[in-house]
Structure formats: C-alpha cells, structure tokens
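The figures that follow rest on heavy atoms only: side chains count, while hydrogens, waters and symmetry mates do not.
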Amino acid sequence: MLLNHVGRAISLFAVTNIDDMVMLALFFSQVAGTPRGIVRIVAGQYLGFVGILAVAIAAALGLGLLPDAVIPYFGFLPLLLGLRAAWQVWRDRAEDPRDEAEARVDEVGILSVAGVTFANGGDNIAVYVPVFTTAGTAGLVVYTVVFLILVAGWCMAGLFFATRPQVARALARWGHIVLPVVLVGLGVAILIEGGAFGV
C-alpha cells in the first residue's frame, strides 16, 4: 500500500509539474549560477509549492479555503511579473549584458519565484484535491513527503538544464526575453483555462 502511494505520488508530481521545469531553468539562467541566486530560487520554489500543498490539503479536508472560481485569477501574478520583466528588458536594452546579468541576480527573488510557482499551481490543486480526499491520512502524509523531496529533484534538474553549455548559451542570449514571454503566456493560459471573466 505504501509503495503504491509512493509510485502514484511520483507520477502525479511529474505530470503536474512539467511546465514548472521550464520556469525553473529560466529562473536559474537569470541568476548566472550565483549561490545566493540559486538559494533564492530553491527557497521560492519550496515556498510556492508548500502554498499549493496547503491549499490542496485544506480543500481535501473540506475546509473550502478557496472557491474554485478564485483559482484562475492567480494567473494575474505571472502575467504582471511577465509584463514587469518585459518592461525591464525594454528599459535596459542599451546596457552592457554583463551589467544586466548582475542586475537579474537581484531581481529574481524568493517571493517572485514563489508567486509564479503558486500561480502556476491551479492545475496541481485541481488534480491533488480529489487524490488527497481519497488517500486517507497515511496516504496524504506519503504524498506530502514524496512531493517535498521531488521539489528538490526538480530544482536540481532545472539547474542542470540551465547550466548545460548549449542550453546555457541559448538561455544567456535569449532567456531575459523568453522569461517575460513565458510568464505572460502562463498568466494568460491560467486565466483562460480557468474560465476567468467567463472566457
């Protein structure tokens, strides 16, 4: 029974967090491998994912913390962060790329990573709630522990992809442009798929 829960937890995490891998690689590329930047991204990823788990567990336990109708509006967070990042790219277009890389290390903060992770977790919450509801207390503990371990693995994989020579060169050259595009696209997708504003 325990192994069944572990296997399901691994597959469930992987399926619901594939898009998050791209975001992590983009974030890691923005901090140019600096230890403080890496720590902020990992901390932000954990903070955001713990928020997703807290909401999913609360909903599964019947607390009704957030109505389903509210979740799509979390799409505004990555949308606004993407627009802010696009404005910064436009504003800094004439600066030395090395100065931009140093500035981006300071711009990628714990709360911005956590916010994007949480906002991107609407589908996670929608999938986790029914699974958690039927898993029982022991199963819920297993899912939570496995998920938190896998967050570390996801962060390592994101850092790995961001530091591969070919990927790193592409991300260094285009990452500051791709990041706002991905964030805006993610925000719009969350709003539309969730049916915000009756769309």
Side-chain angles (χ1 to χ4, degrees), residues 6-7 9-53 77-79 81-124 127 146-190:
V6 171
I10 292 170
S11 59
L12 186 62
F13 182 91
V15 167
T16 55
N17 287 285
I18 291 172
D19 53 345
D20 210 32
M21 179 67 69
V22 176
M23 291 304 309
L24 279 169
L26 285 169
F27 276 130
F28 281 123
S29 73
Q30 299 297 298
V31 299
T34 60
R36 66 191 171 106
I38 291 171
V39 168
R40 282 200 297 240
I41 291 171
V42 172
Q45 180 71 7
Y46 264 102
L47 183 61
F49 197 80
V50 166
I52 290 170
L53 277 179
L77 188 54
L79 177 62
L81 288 171
L83 292 173
R84 177 176 174 259
W87 178 77
Q88 287 170 338
V89 168
W90 181 81
R91 184 193 65 189
D92 299 337
R93 65 194 181 284
E95 290 185 11
D96 186 322
R98 287 169 296 187
D99 295 337
E100 286 183 27
E102 290 173 13
R104 286 196 299 268
V105 172
D106 293 326
E107 291 167 9
V108 178
I110 293 173
L111 293 180
S112 62
V113 175
V116 169
T117 301
F118 186 78
N120 192 30
D123 59 336
N124 297 54
V127 173
V146 170
F147 282 2
L148 292 176
I149 291 169
L150 290 175
V151 169
W154 233 238
C155 289
M156 287 188 284
L159 183 58
F160 173 82
F161 286 123
T163 56
R164 294 304 89 200
Q166 297 85 354
V167 178
R169 275 195 296 272
L171 290 175
R173 183 168 182 179
W174 301 106
H176 65 290
I177 295 170
V178 173
L179 181 64
V181 171
V182 171
L183 286 172
V184 169
L186 177 62
V188 171
I190 292 170

Legend entry - Aromatic ring proximity, centroids under 6.0 angstrom, F49 and W154: no

Legend entry - Gap separating the CG atom of N124 from the CG atom of D20, nearest 0.5 angstrom: 7.5 Å

Inset, instruction - Report yes if the side chains of V151 and F13 come closer than 4.5 Å at any heavy-atom pair, otherwise no. - result: yes

Legend entry - Pairwise distance CG(L47) to CG(L111) - rounded to 0.5 angstrom: 7.0 Å

Inset, instruction - Could you check if a side-chain atom of I52 sits within less than 4.5 angstrom of a side-chain atom of F147, using non-hydrogen atoms only? - result: no

Legend entry - Non-hydrogen atoms of A86 and P180 that approach each other most closely: N-CB, 3.5 Å

Inset, instruction - Taking the side chain as every heavy atom from C-beta outward, state whether F27 and V116 have any atom pair closer than 4.5 Å. - result: yes

Inset, instruction - Output the distance between atom CD1 (I41) and atom CE (M23), rounded to the nearest 0.5 Å. - result: 10.0 Å

Legend entry - Non-hydrogen atoms of A25 and F161 that approach each other most closely: CB-CB, 4.3 Å

Inset, instruction - Locate the shortest heavy-atom distance separating Q45 from C155; write the atom from each residue and the value. - result: CG-SG, 3.8 Å

Inset, instruction - Considering non-hydrogen atoms only, spot the tightest contact between G44 and T117 and give its length. - result: O-OG1, 4.4 Å

Inset, instruction - To the nearest 0.5 Å, tell me how far N120 CG sits from N17 CG. - result: 8.0 Å

Inset, instruction - Using the ring of F160 (Phe, Tyr or Trp, six-membered ring only), decide whether R164 places NZ or CZ under 6.0 Å from its centre and within 45 degrees of its axis. - result: yes

Legend entry - L148 side chain near V50 side chain, heavy-atom distance below 4.5 Å: yes

Legend entry - Closest non-hydrogen atom pair between A162 and F28, with its separation: CB-CB, 3.7 Å

Inset, instruction - Flag the pair R40 / V113 as yes when at least one side-chain heavy-atom distance between them is below 4.5 Å, and no otherwise. - result: no

Legend entry - Closest heavy-atom pair and its distance - S112, G109: OG-O, 2.9 Å

